[in-house]
Amino acid sequence: MRLRFRFRTIPFLATLVLVAVGILLGNWQVRRAAEKTALQARLTQRAALPPLVLDGKPVDPAAIEYRRVIVTGEFVTHWPLFLDNRPFEGRTGFVLLMPFRIAGADAGASDVVLVARGWVPRDPAVHDRVPQVATPSGRTTIEGLAILHPARVMELGKAPPPRPGAIVQNVDPAGFAQASGLRTLPVLVEQTSADDTGAAGLIRKWPAPAVDVDRNKGYAFQWYALAAMAFLFFVITGFRSGTKQAG
């Protein structure tokens with residue numbers, strides 16, 4: 001019996017699509033794994049550095065992302081923002097953001113840095129009621145972690161500019177600076193230090209950046225395997241079809 005390969009256009013095109021998709025998505029997962037490996041190295045390196053003092057002078061956001069920071073000043077109490085859709089351990093709630101006026105900032109420096117003070121639960125009876133949280137009065141020093149912006153959630157349409165006391169889905173330092181008119185550092189501080197207000201409900205267990213490299217490697221293997229299986233299936237069925245036709 002002589003084997004013959006029967007070329008069929010439609011199965012070939014379907015195989016071509018599956019192989020291309022498998023390779024593209026596999027390569028994407030490989031790149032994600034490499035990015036997470038680099039992120040893990042950056043987290044480890046910057047965690048070992050001493051805290052950086054923010055004094056309002058210009059900073060490179062990428063250079064200080066995930067760096068521990070210290071800043072002295074006072075909260076701007078009339079400009080709170082409440083990040084919505086931020087569940088914590090199965091409960092609904094907000095992340096409270098407030099601008100923090102930097103003490104002793106020189107002329108030409110940024111006046112404030114946006115601070116994520118913590119998570120606070122939502123009133124289950126009134127969906128749009130914002131919680132009342134005590135704020136330290138006068139000059140205080142806070143410590144935290146510098147990030148570029150809070151984790152983003154899906155938002156339909158274009159959101160209006162933030163306003164004092166608003167419930168918002170997403171916000172970043174640049175958008176806040178434009179809406180408030182305050183000269184704002186291009187990073188946000190996730191506060192980790194305690195304060196002396198006795199504020200009930202504020203929780204400062206911030207989620208760590210996702211660095212599960214093995215998961216991306218596993219996904220990459222699955223996509224590459226799909227591409228290989230599609231190609232082998234096309235070849236094997238082609239030979240089978242050719243054999244039947246010859247017989």
Inset, instruction - Using the six-membered ring of Phe75, assess whether NZ or CZ of Arg117 lies under 6.0 Å from its centre and within 45 degrees of the ring axis. - result: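 The answer is yes, since Arg117 meets both limits relative to Phe75.
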
Using side-chain heavy atoms (C-beta onward) and a distance below 4.5 Å, is [X] in contact with [Y]?
X: Tyr66; Y: Ile147; result: yes
X: Ile102; Y: Val71; result: yes
X: Met229; Y: Phe234; result: no
X: Asp84; Y: Val168; result: no
X: Leu97; Y: Val171; result: yes
X: Met98; Y: Val115; result: no
X: Phe176; Y: Leu81; result: yes
X: Glu65; Y: Val187; result: no

Hydrophobic clustering (ILVMFWY, side-chain heavy atoms < 4.5 Å, transitive) - are [Y] and [X] grouped together?
X: Val19; Y: Trp223; result: no
X: Val21; Y: Phe221; result: no
X: Leu185; Y: Leu52; result: yes
X: Ile70; Y: Leu54; result: no
X: Leu226; Y: Val17; result: yes

If you count heavy atoms of other groups shown closer than 6.0 angstrom to [atom1] of [X], is the number above 12?
X: Ile10; atom1: CD1; result: no
X: Phe231; atom1: CZ; result: no
X: Gln169; atom1: CD; result: yes

Inset, instruction - Return the set of residues passing side chain to side chain donor-acceptor pair (under 3.5 Å) with Arg42 (not counting sequence neighbours), or none when no residue passes. - result: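 So Arg42 forms no side chain to side chain donor-acceptor pair (under 3.5 Å) with any residue.
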
Legend entry - Contacts of Thr37 that satisfy side chain to side chain donor-acceptor pair (under 3.5 Å) - sequence neighbours left out: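 With neighbours one apart ignored, the set is empty.
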
Inset, instruction - Output yes when a side-chain donor or acceptor of Arg46 lies under 3.5 Å from a complementary backbone atom of Arg68, and no otherwise. - result: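 Side chain of Arg46 to backbone of Arg68, a donor-acceptor pair under 3.5 Å: no, none is there.
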
Considering non-hydrogen atoms only, spot the tightest contact between [X] and [Y] and give its length.
X: Asp172; Y: Arg152; answer: OD2-NH2, 3.7 Å
X: Pro50; Y: Arg67; answer: O-NH2, 2.9 Å
X: Ala179; Y: Pro162; answer: CB-O, 3.5 Å
X: Ile64; Y: Ala146; answer: O-CB, 3.5 Å
X: Arg204; Y: Leu202; answer: NH2-CD1, 3.9 Å

Which distance, rounded to the nearest 0.5 Å, do you find between the [atom1] of [X] and the [atom2] of [Y]?
X: Thr9; Y: Leu16; atom1: OG1; atom2: CG; result: 12.0 Å
X: Glu74; Y: Ile142; atom1: CD; atom2: CD1; result: 12.0 Å
X: Leu148; Y: Leu188; atom1: CG; atom2: CG; result: 9.5 Å
X: Arg32; Y: Leu25; atom1: CZ; atom2: CG; result: 13.5 Å
X: His149; Y: Asn170; atom1: NE2; atom2: CG; result: 9.0 Å
X: Gln29; Y: Leu24; atom1: CD; atom2: CG; result: 12.5 Å

Inset, instruction - Using the test side-chain contact (heavy atoms from CB on, under 4.5 Å), find all partners of Val76 that sit at least two apart in sequence or belong to another chain. - result: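 By the side-chain contact (heavy atoms from CB on, under 4.5 Å) rule, Val76 matches His78, Trp79, Pro99, Arg101, Val112.
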
Inset, instruction - Determine the sole option in Val133, Val95, Val130 for which the side chain to side chain contact (heavy atoms under 4.5 Å, CB included) test with Val120 is passed. - result: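 The option that passes is Val133.
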
Legend entry - Those residues that, when tested against Arg86, pass salt bridge (Lys or Arg N to Asp or Glu O under 4.0 Å) (two or more places apart):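 For Arg86 there are no salt bridge (Lys or Arg N to Asp or Glu O under 4.0 Å) partners, ignoring immediate neighbours.
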
Inset, instruction - Identify, with sequence neighbours excluded, every residue that meets ring-ring contact (aromatic ring centres under 6.0 Å, His included) alongside Tyr219. - result: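 Listed in chain order: nothing, the list is empty.
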
Inset, instruction - Please report the C-alpha distance between Lys36 and Asn216 in whole Å, then the side-chain angles of each, then the deciding distance to 0.1 Å, and finally whether the side chain to side chain contact (heavy atoms under 4.5 Å, CB included) criterion is met. - result: CA-CA 9 Å; Lys36 289 183 178 181; Asn216 294 98; 2.9 Å; yes

Legend entry - Aromatic plane relationship, Phe82 with Phe94 - under 30° parallel, 30 to 60° tilted, over 60° perpendicular: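 Phe94 and Phe82: perpendicular rings.
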
Inset, instruction - Any salt bridge (charged side-chain N to carboxylate O under 4.0 Å, His left out) involving residues 220-229? Give me the pairs, sequence neighbours left out, ordered by first then second residue. - result: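 Those involving residues 220-229 do not exist here.
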
Inset, instruction - Say whether Thr135 and Thr77, considering side chains only, have a donor N or O and an acceptor N or O under 3.5 Å apart. - result: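 Distance-only check fails for Thr135 and Thr77.
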
